[in-house]
Structure formats: C-alpha cells, structure tokens
Amino acid sequence: MSELRETRLEKANALKEQGQEPYALRFDLTDRMARLQADHADLANGTERDLKVSVAGRVMTRRVMGKLAFFTLADETGTIQLFLEKATLGESFAQLSSLVDAGDLIGVHGILRRTDRGELSVKVSEWQMLTKSLQPLPDKWHGLADVEKRYRQRYLDLIVTPQSRETFRRRAMAVSAIRRWLDDRDFLEIETPVLQSEAGGAEARPFITHHNTLDLPLYLRIATELHLKRLVVGGFERVYELGRIFRNEGVSTRHNPEFTSVEVYQAYADYNDMMTLTEQLIASVCEQVCGTTRISYQGVDVDLTPSWRRATMHELVQEATGLDFGSFQTREAAVEAMRAANLPTPDKADTVGRLLNEAFEHAVEPNLIQPTFVLDYPQEISPLARKHRSKPGLVERFELFIVGRETANAFSELTDPLDQRSRMELQQERRAAGDVEASGVDEDFIQALEVGMPPTGGLGIGIDRLVMLLTDSPSIRDVIAFPLMRPEG
RNA sequence: GGGUCGCUAGCUCAGCGGUAGAGCACUCGGCUUUUAACCGAUUGGUCCUGAGUUCGAAUCUCAGGCGACCCA
C-alpha cells in the first residue's frame, strides 16, 4: 500500500529539513561485518574495545526501547549489531529511532562493544543516512516464501535470503574457476557472434530477429560450435567460449530460454581426451567451489572424484531393459521389442538409432545419478560428430550425465567436409519435412572444413546445470539471477 | 501440449455459503541489554479477473490471467 511509502517519503523530507541528505553521495568505511566478527571474536561480554570503526549497510531489524536501541546492520559479508543509546548519541538518537526504518542504508562511526548477551556491536557515536528506502522489506521471519516473487524481484530475494546470495557467489566462483582452469592450459577464449544468419551447431529452435539497415533476418545463436571450429581451422589449437546461448523452447526447472555454456575445442585430440578433460575440469571446479568432490544434491550423495564411469549407450540400454539394439536389423524389429518392454515408440523416432535414444532417455537417463559418460551415439542424432573408428552407424560422441541430467556433450569432431555436407543435407531434408529443430547447410562452415580442420576434440558443458549441482539448487531459476518470466497480467 | 495445486492486508498465512481475520510490518504511547524484543492502542482489503448459481459468494460452477510441481 502506498501509505507506507507516504510515511517514508515524509521521513525523507524530515531528514532534508534537518540538514541530512536522504540519498548520500558516498561514505568512508573502514570495516566490513564478517571481518569484524572474525577479528574480535575474543572481546568479552559487557566490554568495549576502544577501536574506531566505520561501517555501512542495510538496516535489517530494529529494536527500540526508550533510550536504548539495537539495529542489525547488514553488508555484503554479514551483519553486525548497532548499539545505540541516547546517552552517547544525544539529539540524533531521536532522529535515528524515528526516521530510520528497516530497509534503509546507513553509515555509522563508533567503537566496538560486546553486549552483556554476547552480541558484538558497534557502539555508535555518529550516524548518517545513506539511502532512504521507500518500500518495506519482506517479512523478517518468513522471508520471501513466494517463489514467484523471488524470481520477479530478485533484489528483495538477495536482501533477505542469504542462501540465494551464496548461490550467485558460488556461480561466479564456478565461472571464474572454469576460465582459470582453461586459461592455465593455454586455451584461448574467443568471442563469436551471437547474431547469425544461419543458426547451427545444435538441434533447437532459434530466436529470430532482424537487422534493419541490411534488411537481413538474423538468428540468435543456439550454440557456439560452428564458429569455434572455424577458429580451429584458422590455427587456434585450443579455444573456448563461455557465454550465453538462446533456444526458443519451453521453460522448466531444467530449461531457461537463455542459458550459459562453455564450449572447448582442442586440436589433435579426440573424445577420449575430452572425457579426461571434462572430469578433471569439473572435479577441479567442484573442489574450488565446494571444498570437496563429494557433494550432496537434493539429499543424494554424488561423488565427482575422478575417474567416472564410462559405458556405451548400447550397454546401458541393455543393462536397463534387456534389449540388445545391436541385434535389430530393422526399425520394425526394434519397435516390436520395445513395445514388449513397455517403452514408447513415437513415429518421429524413424530409425533404429532414434529408437535407441528413446529407450535411453526413458529407461536409463533418469537413473544416471553418479557422473557417467555415455558413449557412442547413433550417427543420425549427431550430425557434427565423426563416424566411430570401429562401430558402423555410430559416432564418437559422449554425453555426461549427473543426477539424471545431461551436463556435457562432446565429440571427436567431424572434419571430413564431404561427410559433413551430406549430414547437413540430411538435416535440411528433415527441416523441409517440418522438423523445426533441424538446421540447414552452413556453406561457409563447409568451406572452412574444406580448407582443412585438424583432428579435434570438442566439448560443451551446461554451466547452469553444473551450478545447480554445485549449489544444491532444485531449479535452473535458482541459479539464473533474472530468469525469464511471463510479464505480470 | 496434458494433469495437480496455489493466488485473501506491505510480508507470512487462516477463513471454505451468512458482518473480512491473525502474526509481523506501518502509525501512536511506554520501556537502557535486545536479537522473531516486549506491553498497550490504532491503521491497513479490487479476497487474481470476468461471468454464472444463490435470498446471500473470498467460499460453489464455468471461462480467463499469473505461478509452482509432475508428465509428454
């Protein structure tokens, strides 16, 4: 209600009349809360330490009792109690107790004192309004229980939910740990276009936009793959890009239309090398962010200590269903066996390989809790991966699954330009037939391959899903500061 | 796309056919060791929107909006 706001505006005006700017320019602070708490843990109850400190932050709670008051002041690192007494503050005590609300940002000068009840406090001798807040804070006890509000008004969530702050702190740590790990191994981060005239590198619907001056339809990238490979053709032997990807798809606890990936390409390597790289990289990031590689996700223990299980898609499906997809000569044979095993056989899965993938997604994927590399995918669902060196119909590809979720995807990259062209033409046929996720032929990319790409291992990791794992977050929206929301009605 | 659940005061929630409620927050008064401070008083409402049933709807029905979760 705007009555609260009116009251606070009046307080802001009252401050002005008393010569206090309600929106201050700056404040010289000497200390931050967490450090003060740590450095003065030895201060005895009921005693003072004659050390002048200046701190600033947001007033979280107020407890006023006549001529004495206690505020809790929070900065980014933590909280400290303010010990406010009329005897010390004189006239400005009345101002404090009547014009400062929970939610205001203030700066104070004072000395340290631990109260009789053992709370380290700043005994304030001087205070200054830094920013007057016009909106009330959420319930101090329950916090922001409304999930929708947490996403729509993330700033409130961050103010009152310490766990939310910790999640984004960890996300930042994870992202910088990934960059550091790759930089240390001579991988070069190169930025590739977000706006593309052909959206390729994955099977997904793109967002469409338009360039006015060139009168050109453009797509937001659905992957960084094809441009990073062009860089490998150009002679950069170790490249990566960590950045935003856009896919015009639904929203769920595991999907946001814009998300972050890191794609890594290493010349003269294959998918076996990328497996080692993946487990080393993720284990290292986990160690740095969580302090251990044995973590707990939503009550389930997950052990990310290398090395991880490696099994082929065929083996895993057979293990879970008893079906040997290597023995099916025709789609009909596979359909018959799958029906007998109560597995769905959608029409769009029009080959044995696609049916294998269906069986995998249904019977295996949700049960891959511990990190597992799934190897050797059907060629028809992997148009950018090279043919397997010894298994006909399959490609050298792995996906990494953790807690039932696809977390990484990697290939021995397809370097044969003629093979790549025929794969892309197949995609184009599917698109012509109505598959909105199929891409077309990227002529410029084919031309790059014709110039010659060295044998290369490529890898993509979904940063958001990795961060979910490292922060024990149940929804992707918990790890994206401002997730996509439908506008409020 | 389908299903289940939710939407009531700034926040957290109760009420489930008969006058719109509580705690916290706000405002006022009291209080020099509180930390969900306490005590007293007051203030605060498009019960998500619209239509219907009914003497009477926050409550029942239908449609719509937004969200959460599950399934595809």
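A, B, ... follow the sequence lines: proteins, then strands. Residue 1 opens every chain.
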Starting at the 5' end of RNA chain B and moving along, which residue's nearest nucleotide shows up first, A/Leu137 or A/Glu85?
A/Leu137
Taking side chain to side chain donor-acceptor pair (under 3.5 Å) as the definition, give me every residue that meets it alongside A/Ser54, ordered by chain and number, with sequence neighbours left out.
A/His109
Output yes when at least one side-chain N/O atom of A/Lys149 is less than 4.0 Å from OP1 or OP2 of B/G6, else no.
no
Salt bridge check: are A/Arg32 and A/Glu76 linked by an N-O gap of less than 4.0 Å?
yes
Sequence neighbours left out, what passes side chain to side chain donor-acceptor pair (under 3.5 Å) with A/Ser382? Give chain and number order.
A/Arg397
Identify all pairs in which a protein N or O lies below 3.5 Å from an N or O of nucleotides 67-69 of chain B, and state each distance.
unit_1	atom_1	unit_2	atom_2	d
B/G67	OP1	A/Arg486	N	3.0
B/G67	OP2	A/Arg486	NE	3.0
B/G67	O4'	A/Glu148	OE1	3.4
B/A68	OP1	A/Arg477	NH1	2.1

Determine yes or no for a side-chain-to-main-chain donor-acceptor pair under 3.5 angstrom, with A/Asn256 supplying the side chain and A/Pro483 the backbone.
no
Pair assignment for B/G1, Watson-Crick or G-U wobble, requiring both distances under 3.5 Å:
B/C71
Atom CG of A/Asp116 and atom C1' of B/U35: how far apart are they, to the nearest Å?
13 Å
Where along residues 46-83 of chain A does a heavy atom fall under 4.0 Å from RNA chain B?
A/Arg63, A/Val64, A/Met65, A/Gly66, A/Lys67, A/Leu68, A/Phe70, A/Gln81, A/Phe83
Once side chain to side chain donor-acceptor pair (under 3.5 Å) is applied, do any residues pair with A/Asp28, and if so which ones, sequence neighbours excluded?
A/Arg26
Is there a donor and acceptor pair closer than 3.5 Å between the side chain of A/Asp139 and the base of B/G23?
yes
Going by the rule side chain to side chain donor-acceptor pair (under 3.5 Å), which residues pair with A/Arg49 if we only count those two or more places apart in sequence or in a different chain?
A/His40, A/Asp42
